[in-house]
Amino acid sequence: MSFPPVEQQLEVIRRGVEKIVPEQELAGKLQKSRDTGVPLRIKYGIDPTGIDLHLGHTVPMRKMRQFQELGHQAVIIIGNYTALVGDPSGRDQTRARLTVEKVEANAEKYLEQLGKVIDLSKAEVHRNGDWFANMNFAEMLELCSKVTVAQLLTRDDFSKRMASETAISLHECLYPVMQAWDSVVIKSDIELGGTEQLYSFMLARDMQRDQKLAEQIGVMSPILVGLDGVRRMGKSLGNYIGIAESPYEMMKKFMQLPDACLRMYFELLTEVPLDEVNEILAGHPKTAKQKLASAIIGEYSSDDEATAAVEQWEREISQKEMPDDIEEISVKLSEPVSLVNLISKELKLTATNSDARRMITQGGVWINERGERHTDPHEMIAVTHGMIIGCGKKKIVKVVTE
RNA sequence: GGGGGAAUACCCGAGUGGUCAAAGGGGCCAGACUGUAAAUCUGGUGGCAAUGCCUUCGCAGGUUCGAAUCCUGCUUCCCCCA
(Lines give C-alpha, C1' and ligand atoms only; values in the text may rest on other atoms or scores of the structure.)
Protein backbone atom coordinates (compact mmCIF):
# COMPACT_ATOMS: atom_id res chain seq x y z
CA MET A 1 0.00 0.00 0.00
CA SER A 2 1.42 3.38 -0.90
CA PHE A 3 0.16 6.64 0.47
CA PRO A 4 0.45 10.19 -0.84
CA PRO A 5 3.11 12.35 0.83
CA VAL A 6 2.22 13.50 4.32
CA GLU A 7 2.00 17.17 3.37
CA GLN A 8 -0.46 16.36 0.63
CA GLN A 9 -2.55 14.25 2.98
CA LEU A 10 -2.59 17.02 5.56
CA GLU A 11 -3.93 19.47 3.04
CA VAL A 12 -6.87 17.24 2.25
CA ILE A 13 -7.52 16.46 5.87
CA ARG A 14 -7.47 20.06 7.02
CA ARG A 15 -10.18 21.31 4.67
CA GLY A 16 -13.30 22.27 6.57
CA VAL A 17 -11.88 21.04 9.84
CA GLU A 18 -12.14 23.23 12.87
CA LYS A 19 -9.91 21.45 15.27
CA ILE A 20 -7.45 18.59 15.35
CA VAL A 21 -6.41 17.46 18.80
CA PRO A 22 -3.66 17.00 19.38
CA GLU A 23 -2.65 18.61 16.11
CA GLN A 24 1.07 17.95 16.47
CA GLU A 25 0.62 14.18 16.59
CA LEU A 26 -1.14 13.95 13.27
CA ALA A 27 1.82 14.35 10.94
CA GLY A 28 3.72 11.74 12.93
CA LYS A 29 0.93 9.21 12.63
CA LEU A 30 0.60 9.79 8.92
CA GLN A 31 4.34 9.49 8.44
CA LYS A 32 4.50 6.27 10.38
CA SER A 33 1.68 4.75 8.40
CA ARG A 34 3.36 5.78 5.17
CA ASP A 35 6.66 4.30 6.29
CA THR A 36 5.16 1.02 7.42
CA GLY A 37 2.46 0.78 4.77
CA VAL A 38 -0.19 0.26 7.41
CA PRO A 39 -3.33 2.35 6.90
CA LEU A 40 -4.67 4.36 9.79
CA ARG A 41 -7.91 3.21 11.36
CA ILE A 42 -10.44 6.00 11.05
CA LYS A 43 -13.45 5.82 13.32
CA TYR A 44 -16.81 7.39 12.75
CA GLY A 45 -19.66 6.51 15.02
CA ILE A 46 -23.29 7.22 14.37
CA ASP A 47 -26.31 6.46 16.52
CA PRO A 48 -29.30 5.14 14.61
CA THR A 49 -31.81 7.44 16.24
CA GLY A 50 -33.91 8.23 13.19
CA ILE A 51 -34.41 7.14 9.64
CA ASP A 52 -33.00 10.03 7.67
CA LEU A 53 -29.44 11.20 7.45
CA HIS A 54 -29.08 14.85 6.62
CA LEU A 55 -26.30 17.04 5.36
CA GLY A 56 -25.08 17.66 8.89
CA HIS A 57 -24.18 14.00 9.17
CA THR A 58 -22.39 14.06 5.87
CA VAL A 59 -19.72 16.47 7.08
CA PRO A 60 -17.75 13.84 9.00
CA MET A 61 -18.86 11.21 6.48
CA ARG A 62 -17.22 13.16 3.68
CA LYS A 63 -14.09 13.48 5.75
CA MET A 64 -14.20 9.72 6.10
CA ARG A 65 -14.38 9.30 2.35
CA GLN A 66 -11.40 11.57 1.93
CA PHE A 67 -9.45 9.38 4.32
CA GLN A 68 -10.54 6.36 2.30
CA GLU A 69 -9.32 7.99 -0.87
CA LEU A 70 -5.98 8.58 0.82
CA GLY A 71 -5.82 4.86 1.45
CA HIS A 72 -6.84 4.60 5.09
CA GLN A 73 -9.20 2.15 6.75
CA ALA A 74 -12.73 3.31 7.49
CA VAL A 75 -14.27 1.88 10.63
CA ILE A 76 -17.94 2.66 11.06
CA ILE A 77 -19.53 2.19 14.43
CA ILE A 78 -23.28 1.81 14.41
CA GLY A 79 -24.12 2.88 17.92
CA ASN A 80 -27.03 0.58 18.48
CA TYR A 81 -26.28 0.55 22.21
CA THR A 82 -25.31 4.17 22.58
CA ALA A 83 -28.54 5.02 20.79
CA LEU A 84 -30.37 3.49 23.71
CA VAL A 85 -28.71 6.04 25.94
CA GLY A 86 -28.94 9.12 23.77
CA ASP A 87 -26.03 11.43 23.17
CA PRO A 88 -26.19 14.36 25.57
CA SER A 89 -23.68 16.35 23.50
CA GLY A 90 -24.87 19.82 22.83
CA ARG A 91 -28.31 18.97 24.15
CA ASP A 92 -30.07 20.88 26.82
CA GLN A 93 -32.32 18.03 27.80
CA THR A 94 -32.51 14.28 27.91
CA ARG A 95 -33.23 12.57 24.64
CA ALA A 96 -36.25 10.38 24.27
CA ARG A 97 -35.36 6.73 24.73
CA LEU A 98 -35.64 4.33 21.82
CA THR A 99 -36.58 0.69 21.67
CA VAL A 100 -34.19 -2.00 20.50
CA GLU A 101 -36.35 -2.90 17.50
CA LYS A 102 -36.63 0.68 16.39
CA VAL A 103 -32.89 1.13 16.62
CA GLU A 104 -32.24 -1.93 14.49
CA ALA A 105 -34.65 -0.77 11.81
CA ASN A 106 -33.02 2.65 11.80
CA ALA A 107 -29.57 1.11 11.54
CA GLU A 108 -30.48 -0.59 8.28
CA LYS A 109 -31.70 2.65 6.76
CA TYR A 110 -28.63 4.49 7.94
CA LEU A 111 -26.24 2.02 6.38
CA GLU A 112 -28.03 2.33 3.08
CA GLN A 113 -27.59 6.09 3.19
CA LEU A 114 -24.02 5.96 4.48
CA GLY A 115 -23.21 4.07 1.31
CA LYS A 116 -24.00 7.18 -0.70
CA VAL A 117 -20.96 8.90 0.72
CA ILE A 118 -18.64 6.27 2.11
CA ASP A 119 -17.35 3.27 0.19
CA LEU A 120 -18.84 0.58 2.39
CA SER A 121 -17.21 -2.23 0.45
CA LYS A 122 -13.90 -1.08 1.89
CA ALA A 123 -15.14 -0.18 5.33
CA GLU A 124 -15.44 -2.18 8.52
CA VAL A 125 -18.85 -1.86 10.08
CA HIS A 126 -19.39 -2.69 13.74
CA ARG A 127 -22.30 -2.36 16.10
CA ASN A 128 -21.27 -1.41 19.57
CA GLY A 129 -23.90 -3.74 20.97
CA ASP A 130 -21.50 -6.49 19.86
CA TRP A 131 -19.33 -5.69 22.83
CA PHE A 132 -21.69 -3.89 25.18
CA ALA A 133 -24.50 -6.45 25.10
CA ASN A 134 -22.35 -9.10 26.71
CA MET A 135 -20.59 -6.92 29.19
CA ASN A 136 -21.33 -7.97 32.76
CA PHE A 137 -21.89 -5.69 35.67
CA ALA A 138 -18.38 -6.05 37.06
CA GLU A 139 -16.87 -5.02 33.74
CA MET A 140 -19.30 -2.19 33.59
CA LEU A 141 -18.18 -0.96 36.99
CA GLU A 142 -14.58 -1.25 35.93
CA LEU A 143 -15.36 0.96 32.97
CA CYS A 144 -17.12 3.54 35.11
CA SER A 145 -14.24 3.73 37.52
CA LYS A 146 -12.17 5.37 34.78
CA VAL A 147 -14.17 8.54 34.90
CA THR A 148 -14.85 10.90 37.74
CA VAL A 149 -17.98 12.90 38.23
CA ALA A 150 -15.97 16.09 38.32
CA GLN A 151 -14.62 15.24 34.87
CA LEU A 152 -18.10 14.69 33.58
CA LEU A 153 -19.23 18.00 34.94
CA THR A 154 -16.53 19.85 33.07
CA ARG A 155 -18.51 19.08 29.96
CA ASP A 156 -20.13 22.20 28.72
CA ASP A 157 -23.53 20.65 28.10
CA PHE A 158 -23.71 19.04 31.53
CA SER A 159 -22.55 22.12 33.37
CA LYS A 160 -25.11 24.21 31.52
CA ARG A 161 -27.81 21.81 32.48
CA MET A 162 -26.68 21.87 36.09
CA ALA A 163 -26.72 25.63 36.03
CA SER A 164 -30.17 25.84 34.54
CA GLU A 165 -31.51 23.20 36.94
CA THR A 166 -32.35 20.76 34.17
CA ALA A 167 -32.22 17.06 34.93
CA ILE A 168 -29.22 14.93 34.02
CA SER A 169 -30.01 11.24 34.15
CA LEU A 170 -27.37 8.82 35.30
CA HIS A 171 -27.46 6.82 32.10
CA GLU A 172 -26.53 9.89 30.10
CA CYS A 173 -23.30 10.09 32.04
CA LEU A 174 -22.36 6.73 30.59
CA TYR A 175 -22.60 7.94 27.04
CA PRO A 176 -19.10 9.38 26.72
CA VAL A 177 -17.68 6.37 28.52
CA MET A 178 -19.29 4.02 26.03
CA GLN A 179 -18.20 6.05 23.08
CA ALA A 180 -14.65 6.12 24.38
CA TRP A 181 -14.67 2.38 24.93
CA ASP A 182 -15.64 1.88 21.29
CA SER A 183 -12.33 3.49 20.38
CA VAL A 184 -10.48 1.06 22.60
CA VAL A 185 -12.22 -1.96 21.11
CA ILE A 186 -11.64 -1.03 17.50
CA LYS A 187 -8.20 0.50 18.13
CA SER A 188 -8.87 3.73 16.35
CA ASP A 189 -6.07 6.04 15.23
CA ILE A 190 -8.33 8.92 14.32
CA GLU A 191 -11.90 9.68 15.25
CA LEU A 192 -14.14 11.93 13.19
CA GLY A 193 -16.98 14.04 14.50
CA GLY A 194 -18.19 17.50 15.35
CA THR A 195 -16.54 19.86 17.79
CA GLU A 196 -19.09 18.96 20.44
CA GLN A 197 -17.41 15.56 20.62
CA LEU A 198 -14.22 16.92 22.15
CA TYR A 199 -14.87 15.51 25.58
CA SER A 200 -15.60 11.99 24.39
CA PHE A 201 -12.63 12.05 22.05
CA MET A 202 -10.30 12.99 24.84
CA LEU A 203 -11.77 10.42 27.16
CA ALA A 204 -11.07 7.82 24.49
CA ARG A 205 -7.40 8.79 24.59
CA ASP A 206 -7.29 8.30 28.34
CA MET A 207 -8.86 4.90 28.06
CA GLN A 208 -6.64 3.83 25.19
CA ARG A 209 -3.59 4.88 27.17
CA ASP A 210 -4.93 2.94 30.13
CA GLN A 211 -5.17 -0.15 27.90
CA LYS A 212 -1.64 0.42 26.55
CA LEU A 213 -2.89 1.29 23.10
CA ALA A 214 -1.91 4.08 20.76
CA GLU A 215 -4.01 7.16 21.44
CA GLN A 216 -6.43 8.42 18.85
CA ILE A 217 -6.45 11.88 17.35
CA GLY A 218 -9.72 13.76 17.13
CA VAL A 219 -10.50 15.42 13.81
CA MET A 220 -13.42 17.70 14.42
CA SER A 221 -15.60 19.49 11.94
CA PRO A 222 -17.50 22.62 12.75
CA ILE A 223 -21.19 22.20 13.49
CA LEU A 224 -23.16 22.67 10.31
CA VAL A 225 -25.91 25.19 10.82
CA GLY A 226 -29.34 24.41 9.45
CA LEU A 227 -31.58 26.31 7.08
CA ASP A 228 -32.35 28.89 9.73
CA GLY A 229 -28.69 29.84 9.66
CA VAL A 230 -28.50 29.82 13.42
CA ARG A 231 -29.06 26.49 15.06
CA ARG A 232 -27.28 23.26 14.21
CA MET A 233 -28.86 21.21 11.50
CA GLY A 234 -31.03 18.63 13.14
CA LYS A 235 -34.04 16.46 12.60
CA SER A 236 -35.94 17.71 15.57
CA LEU A 237 -35.38 21.32 14.62
CA GLY A 238 -36.85 20.80 11.17
CA ASN A 239 -34.09 22.82 9.57
CA TYR A 240 -32.39 20.06 7.66
CA ILE A 241 -31.87 18.81 4.13
CA GLY A 242 -32.08 15.03 4.07
CA ILE A 243 -29.79 13.18 1.70
CA ALA A 244 -32.64 10.92 0.64
CA GLU A 245 -34.80 13.84 -0.47
CA SER A 246 -35.66 14.40 -4.11
CA PRO A 247 -33.48 16.80 -6.12
CA TYR A 248 -36.23 19.40 -6.37
CA GLU A 249 -37.03 19.22 -2.66
CA MET A 250 -33.37 19.78 -1.91
CA MET A 251 -33.23 22.60 -4.43
CA LYS A 252 -36.06 24.48 -2.80
CA LYS A 253 -34.43 24.17 0.57
CA PHE A 254 -31.01 25.28 -0.63
CA MET A 255 -32.46 28.47 -2.04
CA GLN A 256 -33.89 29.32 1.35
CA LEU A 257 -30.50 29.17 2.96
CA PRO A 258 -29.26 32.47 4.39
CA ASP A 259 -26.42 33.94 2.30
CA ALA A 260 -24.12 34.02 5.28
CA CYS A 261 -23.95 30.23 5.32
CA LEU A 262 -22.76 29.82 1.74
CA ARG A 263 -19.05 29.66 2.43
CA MET A 264 -19.49 27.13 5.17
CA TYR A 265 -21.66 24.94 3.00
CA PHE A 266 -19.23 25.03 0.10
CA GLU A 267 -16.33 24.21 2.33
CA LEU A 268 -17.96 21.43 4.29
CA LEU A 269 -20.28 19.87 1.76
CA THR A 270 -18.53 20.08 -1.60
CA GLU A 271 -15.12 19.40 -3.08
CA VAL A 272 -15.05 22.71 -4.96
CA PRO A 273 -11.49 24.08 -4.59
CA LEU A 274 -11.35 26.94 -2.14
CA ASP A 275 -10.07 29.58 -4.56
CA GLU A 276 -12.91 28.70 -6.87
CA VAL A 277 -15.29 29.11 -3.95
CA ASN A 278 -13.97 32.62 -3.42
CA GLU A 279 -14.66 33.43 -7.04
CA ILE A 280 -18.19 32.09 -6.83
CA LEU A 281 -18.90 34.02 -3.66
CA ALA A 282 -17.72 37.23 -5.27
CA GLY A 283 -20.64 36.97 -7.69
CA HIS A 284 -24.36 37.21 -7.04
CA PRO A 285 -25.47 35.17 -4.03
CA LYS A 286 -28.39 33.71 -5.96
CA THR A 287 -26.05 32.27 -8.58
CA ALA A 288 -23.69 31.07 -5.90
CA LYS A 289 -26.55 29.32 -4.16
CA GLN A 290 -27.61 27.62 -7.36
CA LYS A 291 -24.07 26.41 -7.92
CA LEU A 292 -23.91 25.11 -4.40
CA ALA A 293 -27.21 23.33 -4.76
CA SER A 294 -26.37 21.68 -8.04
CA ALA A 295 -22.96 20.55 -6.79
CA ILE A 296 -24.48 18.84 -3.78
CA ILE A 297 -27.61 17.52 -5.45
CA GLY A 298 -25.45 16.12 -8.23
CA GLU A 299 -23.60 13.99 -5.71
CA TYR A 300 -26.70 12.37 -4.33
CA SER A 301 -28.48 11.90 -7.64
CA SER A 302 -26.90 12.89 -10.97
CA ASP A 303 -25.63 16.03 -12.66
CA ASP A 304 -28.53 15.96 -15.10
CA GLU A 305 -31.07 15.78 -12.33
CA ALA A 306 -29.30 18.58 -10.51
CA THR A 307 -29.41 20.80 -13.57
CA ALA A 308 -33.06 19.94 -14.07
CA ALA A 309 -33.80 20.88 -10.47
CA VAL A 310 -32.11 24.26 -10.89
CA GLU A 311 -34.08 24.93 -14.05
CA GLN A 312 -37.32 23.85 -12.48
CA TRP A 313 -36.73 26.16 -9.55
CA GLU A 314 -35.95 29.03 -11.87
CA ARG A 315 -39.18 28.46 -13.81
CA GLU A 316 -41.62 27.66 -11.07
CA ILE A 317 -40.39 29.69 -8.20
CA SER A 318 -38.36 32.52 -9.60
CA GLN A 319 -40.52 33.14 -12.68
CA LYS A 320 -43.65 31.96 -10.87
CA GLU A 321 -44.76 29.88 -13.81
CA MET A 322 -47.30 27.18 -13.32
CA PRO A 323 -45.54 23.97 -12.32
CA ASP A 324 -45.46 21.09 -14.83
CA ASP A 325 -46.81 18.48 -12.58
CA ILE A 326 -49.42 19.73 -10.19
CA GLU A 327 -50.75 17.35 -7.63
CA GLU A 328 -54.26 16.29 -8.57
CA ILE A 329 -57.00 15.85 -6.06
CA SER A 330 -60.26 14.32 -7.11
CA VAL A 331 -63.50 15.52 -5.57
CA LYS A 332 -67.14 14.66 -6.04
CA LEU A 333 -69.18 17.80 -6.04
CA SER A 334 -72.27 18.77 -7.88
CA GLU A 335 -73.25 21.81 -5.85
CA PRO A 336 -71.06 24.86 -5.27
CA VAL A 337 -69.32 24.92 -1.88
CA SER A 338 -68.00 27.74 0.24
CA LEU A 339 -64.36 28.53 -0.22
CA VAL A 340 -63.52 27.61 3.37
CA ASN A 341 -65.02 24.19 3.00
CA LEU A 342 -63.35 23.66 -0.34
CA ILE A 343 -59.93 24.46 1.04
CA SER A 344 -60.14 22.59 4.29
CA LYS A 345 -62.73 19.84 3.95
CA GLU A 346 -62.61 18.88 0.29
CA LEU A 347 -59.00 19.52 -0.64
CA LYS A 348 -57.50 19.26 2.83
CA LEU A 349 -55.01 22.02 2.12
CA THR A 350 -55.25 23.17 5.72
CA ALA A 351 -55.59 21.25 8.93
CA THR A 352 -58.64 23.10 10.22
CA ASN A 353 -61.41 25.37 9.02
CA SER A 354 -60.00 28.21 11.03
CA ASP A 355 -56.71 27.79 9.28
CA ALA A 356 -58.41 27.91 5.91
CA ARG A 357 -60.35 30.99 6.94
CA ARG A 358 -57.13 32.73 7.94
CA MET A 359 -55.38 31.73 4.77
CA ILE A 360 -58.24 33.07 2.67
CA THR A 361 -58.80 36.37 4.43
CA GLN A 362 -55.08 37.06 4.42
CA GLY A 363 -54.88 36.77 0.67
CA GLY A 364 -53.10 33.46 0.43
CA VAL A 365 -55.63 31.73 -1.79
CA TRP A 366 -55.95 32.06 -5.55
CA ILE A 367 -57.83 30.21 -8.25
CA ASN A 368 -56.53 29.39 -11.73
CA GLU A 369 -54.12 32.32 -11.97
CA ARG A 370 -51.69 33.62 -9.43
CA GLY A 371 -53.08 37.00 -8.58
CA GLU A 372 -56.67 35.79 -8.88
CA ARG A 373 -57.12 36.15 -5.19
CA HIS A 374 -60.24 35.17 -3.38
CA THR A 375 -60.49 36.69 0.05
CA ASP A 376 -64.06 35.98 1.03
CA PRO A 377 -64.29 32.71 2.94
CA HIS A 378 -68.01 32.47 2.28
CA GLU A 379 -67.76 32.82 -1.46
CA MET A 380 -69.56 29.93 -3.12
CA ILE A 381 -67.31 28.17 -5.60
CA ALA A 382 -68.63 26.05 -8.42
CA VAL A 383 -65.85 23.56 -8.84
CA THR A 384 -64.87 22.70 -12.38
CA HIS A 385 -62.65 19.98 -13.74
CA GLY A 386 -59.05 21.12 -13.98
CA MET A 387 -59.45 24.08 -11.68
CA ILE A 388 -56.11 25.06 -10.16
CA ILE A 389 -56.01 26.27 -6.61
CA GLY A 390 -53.10 27.80 -4.77
CA CYS A 391 -53.00 28.07 -1.00
CA GLY A 392 -50.08 29.82 0.60
CA LYS A 393 -46.58 29.76 -0.81
CA LYS A 394 -46.16 26.05 -1.06
CA LYS A 395 -49.39 24.37 -2.04
CA ILE A 396 -50.79 24.24 -5.52
CA VAL A 397 -53.29 21.58 -6.53
CA LYS A 398 -55.43 20.73 -9.51
CA VAL A 399 -59.00 19.67 -8.90
CA VAL A 400 -60.26 16.65 -10.77
CA THR A 401 -63.97 16.05 -10.69
CA GLU A 402 -65.35 12.55 -10.78
C1' G B 1 -36.32 10.42 55.11
C1' G B 2 -36.79 16.06 55.97
C1' G B 3 -37.38 21.04 53.95
C1' G B 4 -38.22 24.50 49.95
C1' G B 5 -39.90 25.71 44.94
C1' A B 6 -42.43 24.88 40.30
C1' A B 7 -46.17 23.09 36.47
C1' U B 8 -49.93 28.59 31.80
C1' A B 9 -51.01 27.77 24.34
C1' C B 10 -45.36 25.25 19.65
C1' C B 11 -41.28 27.38 23.17
C1' C B 12 -40.04 31.10 26.85
C1' G B 13 -43.02 33.78 29.98
C1' A B 14 -46.86 37.61 32.41
C1' G B 15 -51.17 36.90 34.86
C1' U B 16 -53.35 35.93 42.43
C1' G B 17 -61.64 35.87 42.05
C1' G B 18 -65.10 38.70 37.02
C1' U B 19 -62.95 43.55 31.97
C1' C B 20 -59.06 36.13 30.23
C1' A B 21 -59.12 32.46 24.38
C1' A B 22 -55.35 34.64 28.58
C1' A B 23 -49.96 40.47 28.20
C1' G B 24 -44.99 40.34 26.05
C1' G B 25 -41.11 37.89 23.30
C1' G B 26 -39.41 33.93 20.11
C1' G B 27 -40.90 30.66 16.51
C1' C B 28 -44.32 29.71 12.75
C1' C B 29 -48.13 31.17 8.90
C1' A B 30 -50.09 34.85 5.27
C1' G B 31 -49.31 39.50 2.62
C1' A B 32 -45.83 43.74 0.76
C1' C B 33 -40.75 44.36 -0.76
C1' U B 34 -37.07 40.75 -2.84
C1' G B 35 -32.91 36.75 -5.16
C1' U B 36 -38.81 31.89 -1.91
C1' A B 37 -31.38 35.30 1.40
C1' A B 38 -31.07 39.12 5.07
C1' A B 39 -33.36 43.45 6.90
C1' U B 40 -37.98 45.98 7.16
C1' C B 41 -43.37 46.77 7.27
C1' U B 42 -48.63 44.77 7.86
C1' G B 43 -51.86 41.08 9.61
C1' G B 44 -52.51 36.33 11.87
C1' U B 45 -51.34 32.23 15.31
C1' G B 46 -57.31 26.72 20.25
C1' G B 47 -61.79 24.73 17.73
C1' C B 48 -66.71 25.04 15.41
C1' A B 49 -72.58 25.14 11.46
C1' A B 50 -68.75 31.89 13.63
C1' U B 51 -70.90 39.29 15.22
C1' G B 52 -72.27 33.65 18.59
C1' C B 53 -71.00 28.96 20.84
C1' C B 54 -67.56 25.16 22.77
C1' U B 55 -62.90 23.53 24.90
C1' U B 56 -58.07 25.15 27.15
C1' C B 57 -53.70 27.51 32.24
C1' G B 58 -50.38 19.44 35.20
C1' C B 59 -54.74 15.74 36.97
C1' A B 60 -59.24 14.96 40.02
C1' G B 61 -62.57 17.05 43.20
C1' G B 62 -64.46 21.38 46.16
C1' U B 63 -65.79 26.68 47.56
C1' U B 64 -68.33 30.65 44.68
C1' C B 65 -73.43 33.79 40.98
C1' G B 66 -68.40 33.48 38.74
C1' A B 67 -61.79 30.12 39.18
C1' A B 68 -55.63 30.12 35.37
C1' U B 69 -56.22 32.76 40.16
C1' C B 70 -58.94 30.28 46.63
C1' C B 71 -59.25 25.09 49.27
C1' U B 72 -58.30 19.51 49.35
C1' G B 73 -56.12 15.27 47.31
C1' C B 74 -52.99 13.33 43.51
C1' U B 75 -49.08 13.31 39.62
C1' U B 76 -44.61 15.09 37.61
C1' C B 77 -40.21 18.02 37.83
C1' C B 78 -36.28 21.01 40.17
C1' C B 79 -33.22 22.60 44.39
C1' C B 80 -31.24 22.13 49.40
C1' C B 81 -30.23 18.97 53.78
C1' A B 82 -29.28 13.57 54.97
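Being a predicted model, the structure only gives us computed values, none of them experimental. Letters A, B, ... mirror the listed sequences (proteins, then strands); counts begin at 1.
Nucleotides rA50(B) and rG62(B), compared at atom P, are 34 Å apart to the nearest Å. To the nearest whole angstrom, the two P atoms, one in rG27(B) and one in rC12(B), are 15 Å apart. Nucleotides rC74(B) and rG25(B) place their C1' atoms 34 Å apart, quoted to the nearest Å. Between rA21(B) and rU16(B), the distance separating the two P atoms is 16 Å to the nearest Å. Atom P of rC53(B) sits at a distance of 14 Å from the matching atom of rU19(B), rounded to the whole Å. Distance check on atom C1': rA22(B) versus rC33(B) gives 34 Å, rounded to whole Å. For the P atom pair drawn from rU45(B) and rG52(B), the interatomic distance equals 16 Å after rounding to whole Å. Using atom P as the reference point in both rC65(B) and rA60(B), the two lie 23 Å apart (nearest Å).
Rounded to the nearest 0.5 angstrom, Met64(A) CE and Ile190(A) CD1 are separated by 10.0 Å. Taken from CE in Met255(A) to CG in Leu292(A), the straight-line distance is 9.5 Å, to the nearest 0.5 Å. The NZ atom of Lys32(A) sits 7.5 Å away from the NZ atom of Lys29(A) when rounded to the nearest 0.5 Å. Residue Leu349(A) holds its CG atom at 5.5 Å from CD1 of Ile329(A), rounded to the nearest 0.5 Å. Residue Arg41(A) holds its CZ atom at 11.0 Å from OG of Ser183(A), rounded to the nearest 0.5 Å. Rounded to the nearest 0.5 angstrom, Gln179(A) CD and Asp47(A) CG are separated by 7.5 Å.
Going from atom CD of Gln290(A) over to atom C1' of rA37(B) covers 12 Å, rounded to whole Å. For the pair Ile360(A) CD1 and rC29(B) P, the interatomic distance rounds to 19 Å; values are reported in whole Å. The interatomic distance linking Met251(A) (CE) with rA37(B) (C1') rounds to 13 Å, in whole Å. Rounded to whole Å, atom C1' of rA37(B) lies 13 Å from atom CD1 of Ile241(A). Rounded to an integer number of Å, the gap from Asp355(A) CG to rC10(B) P is 13 Å. Rounded to an integer number of Å, the gap from Asp228(A) CG to rA37(B) P is 14 Å. We find that NZ of Lys395(A) is positioned 12 Å from C1' of rA30(B), with the value rounded to whole Å. Remark: P of rA37(B) and CG of Asn239(A) are 16 Å apart, rounded to the nearest angstrom.
For rG31(B), the base has no donor-acceptor partner in the side chain of Gln362(A) [N/O atoms by modelled type, under 3.5 angstrom].
For rU36(B), there is no paired base (Watson-Crick or G-U wobble, both distances below 3.5 Å). Of all nucleotides present, none satisfies the Watson-Crick or G-U wobble test against rU64(B) with each distance under 3.5 Å. In this structure, rG27(B) and rU45(B) make a Watson-Crick or G-U wobble pair, each of the two defining distances being under 3.5 angstrom. With a 3.5 Å ceiling on both atom-pair distances, rA14(B) lacks any Watson-Crick or G-U wobble partner. With a 3.5 Å ceiling on both atom-pair distances, the Watson-Crick or G-U wobble partner of rG58(B) is rC74(B). In this structure, rA21(B) forms no base pair with any nucleotide, since neither Watson-Crick nor G-U wobble geometry is met with both distances under 3.5 Å.
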Please tabulate, one pair per line, each protein N/O and nucleotide N/O from nucleotides 54-56 of chain B that are separated by under 3.5 Å, including the distance.
none

Please tabulate the protein-to-nucleotide N/O contacts below 3.5 Å involving nucleotides 34-36 of chain B, giving atom names and distances.
from, atom 1, to, atom 2, distance (Å)
rG35(B), O6, Asp259(A), OD2, 3.4
rG35(B), N1, Asp259(A), OD1, 3.3
rG35(B), N1, Asp259(A), OD2, 2.7
rG35(B), N2, Asp259(A), OD1, 2.5
rG35(B), N2, Lys289(A), NZ, 2.7
rU36(B), OP1, Ser318(A), OG, 3.2

* Please test Glu305(A) against Tyr248(A) for side-chain hydrogen bond (donor to acceptor under 3.5 Å, both in side chains), starting from the C-alpha separation and ending with a verdict. => CA-CA 9 Å; Glu305(A) 286 175 285; Tyr248(A) 189 49; over 6 Å; no
* To do: Carefully, step by step, assess Asp304(A) and Ser302(A) under the rule side-chain hydrogen bond (donor to acceptor under 3.5 Å, both in side chains).
  => CA-CA 5 Å; Asp304(A) 287 349; Ser302(A) 69; 5.3 Å; no
* Could you give me the CA-CA distance, side-chain angles and deciding distance for Asp210(A) and Lys146(A), then say whether salt bridge (charged side-chain N to carboxylate O under 4.0 Å, His left out) is met? => CA-CA 9 Å; Asp210(A) 190 67; Lys146(A) 311 287 186 202; 2.8 Å; yes
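RNA chain B is contacted by Gly363(A), Gly364(A), Arg373(A) of residues 363-379 of chain A, taking any non-hydrogen atom closer than 4.0 Å.
The shortest side-chain heavy-atom distance between Tyr81(A) and Val103(A) does not fall under the 4.5 Å cut-off.
Ile396(A) and Ile326(A) get closest at one heavy-atom pair: O-CG2, 3.5 Å. Between Leu224(A) and Met264(A) the shortest heavy-atom distance is CA-CE, 4.1 Å.
At rG47(B), one or more side-chain N or O atoms of Arg358(A) fall inside 4.0 Å of OP1 or OP2 (strictly under the cut-off). Between Lys345(A) and the phosphate of rA49(B), there is a side-chain N or O to OP1/OP2 separation shorter than 4.0 Å. The side chain of Asn353(A) places an N or O atom within less than 4.0 Å of a non-bridging phosphate oxygen (OP1 or OP2) of rA49(B).
Looking at Lys63(A) and Gln66(A), their side chains do bring a donor and an acceptor atom within 3.5 Å of each other.
Its glycosidic angle being within 90° of 0, rU51(B) falls on the syn side.
Exactly one residue among Glu191(A), Glu215(A), Gln216(A) makes a side-chain hydrogen bond (donor to acceptor under 3.5 Å, both in side chains) with Arg205(A). That residue is Glu215(A).
Counting non-hydrogen atoms under 4.0 angstrom, Ser354(A) reaches a base of the nucleic acid.
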